[in-house]
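I have placed the structure first, in the form of structure tokens, so that the comments after it can refer back to it.
Just so it is clear, the values below take in all heavy atoms, side chains as well, and ignore hydrogens, waters and symmetry mates. Counting starts at 1 for both ligands and their atoms, following the listed order.
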Amino acid sequence: MFLAKKIRLKPSEEQENQLWKSVGTARFIYNWTLNKQEENYKNGGNFISDGIIRKEITQLKKSKLSWLNDVSNNVAKQAVKDACDAYKRFFNGLADKPKFKRRKKSKPSFYNDNVKLKAKKNCVLIEKVGWVRTAEQVPMDCNYTNPRISFDGKYWYLSVGVEQAQQSIELTDETIGIDIGIKDLAVCSNGMISKNINKTAKVRKLEKRLRRLQRSVSRKYEQNKEGSRFVKTSNIIKQERQIRLLHRKLTNIRMNHLHQATSKIVKTKPSTIVMEHLNVKGMLRNKHLAKAIAQQKLHEFKRQVQYKCEKYGIRFVEANKWFPSSKMCSGCGCVKKQLSLSERTYKCEECSLEMDRDFNASINLSRYKSVI
Ligand SMILES: [Zn+2]
């Protein structure tokens, strides 16, 4: 099995320049490919395969786009593939139309060929960049999948899937149902509760500081406007950097919390974990809740539970989309027709059970396999 690893890189100044070049190339090619697909689509054409686009780029490299030769050709190759995959999902009705990557909004990242990725003591070989120092050891002598290099506003990272043998541990015969949501991040059928980190004073304070900075920057943009042109003053640049770092800090706090919460659940060593089917996209349509849901990173929570289950050989089950985990009574099994989001306590009319709504749902999930 492959486990995701994220390792901080410590590039020299010269190497950092080269990393930025690869990032720029990846973004340029991604956008170029999207544009190509879009034009073609507008003219009634079918999806263009990535092979054809790559051939065209090879031709362009010889003439107009010779600067592409400065970076590894795998960067462009993968960027074409990423853009084509995104467009294919849109074409097949599985996703929204992919957006162009803007320099300021998109996450700087690019691909490194997995076969060419090499590791030695506290160093990793990145194509056309050379041996870059790392903050911790990249696992050696194993297979890698999908290596990506990215920048989070402060540091560079290598994210890579590393092949590992499955750990065999003694599991209990317990099945845990996990209900995830906004009030608490996760409520488990064994009574464990992971709080919503976004409701803590620490995160709220950071959010407040972020909002204040964002307001201040947009005010400064207005004040320094020359005609209809926006001007970046050194103060704006300074504040924008602070905003970036705050975003980074918040992301780290949230991710760290998710890792702790998911590890805590998995470490109780149940034999099965059941989670509900997640319709985050549908939930995001509720604009009153959209922000709270996006901040909770429920998809990421599920992804972590899933891979941690795999690591320990725990069976992971996703309940059917129509399984009424919230509306069902865990006492007598009857299903309510209506249950509004504001009803925090589940009250059964049949058997007069009263229970926290999320806990009730988690118990139903834990019994999922006996229901089907
Ligand atoms: Zn009941």
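Judged by a 6.0 Å distance limit and a 45° cone about the ring axis, Lys336 is positioned over the six-membered ring of Tyr346.
Around the Zn ion (ligand 1), protein atoms of type N, O or S found under 2.8 Å number 4.
Qualifying side-chain hydrogen bond (donor to acceptor under 3.5 Å, both in side chains) partners for Gln59, counting only residues two or more places apart in sequence or in other chains: none.
For residues 156-181, every residue pair satisfying the ring pair (Phe, Tyr, Trp, His ring centres under 6.0 Å) rule, not counting sequence neighbours, is listed here: Trp20-Trp156, Phe151-Trp156.
We find the CG-CZ distance between Asn46 and Phe91 to be 5.5 Å, quoted to the nearest 0.5 Å.
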Donor-acceptor contacts under 3.5 Å from residues 305-315 side chains, at least two apart:
residue: Lys308; atom: NZ; partner: His259; partner atom: O; Å: 3.2
residue: Lys308; atom: NZ; partner: His259; partner atom: ND1; Å: 3.2
residue: Lys308; atom: NZ; partner: Thr262; partner atom: OG1; Å: 2.9
residue: Lys308; atom: NZ; partner: Ser263; partner atom: OG; Å: 3.0

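For Glu240 and Lys232, the salt-bridge test passes: some basic side-chain N is under 4.0 Å from an acidic carboxylate O.
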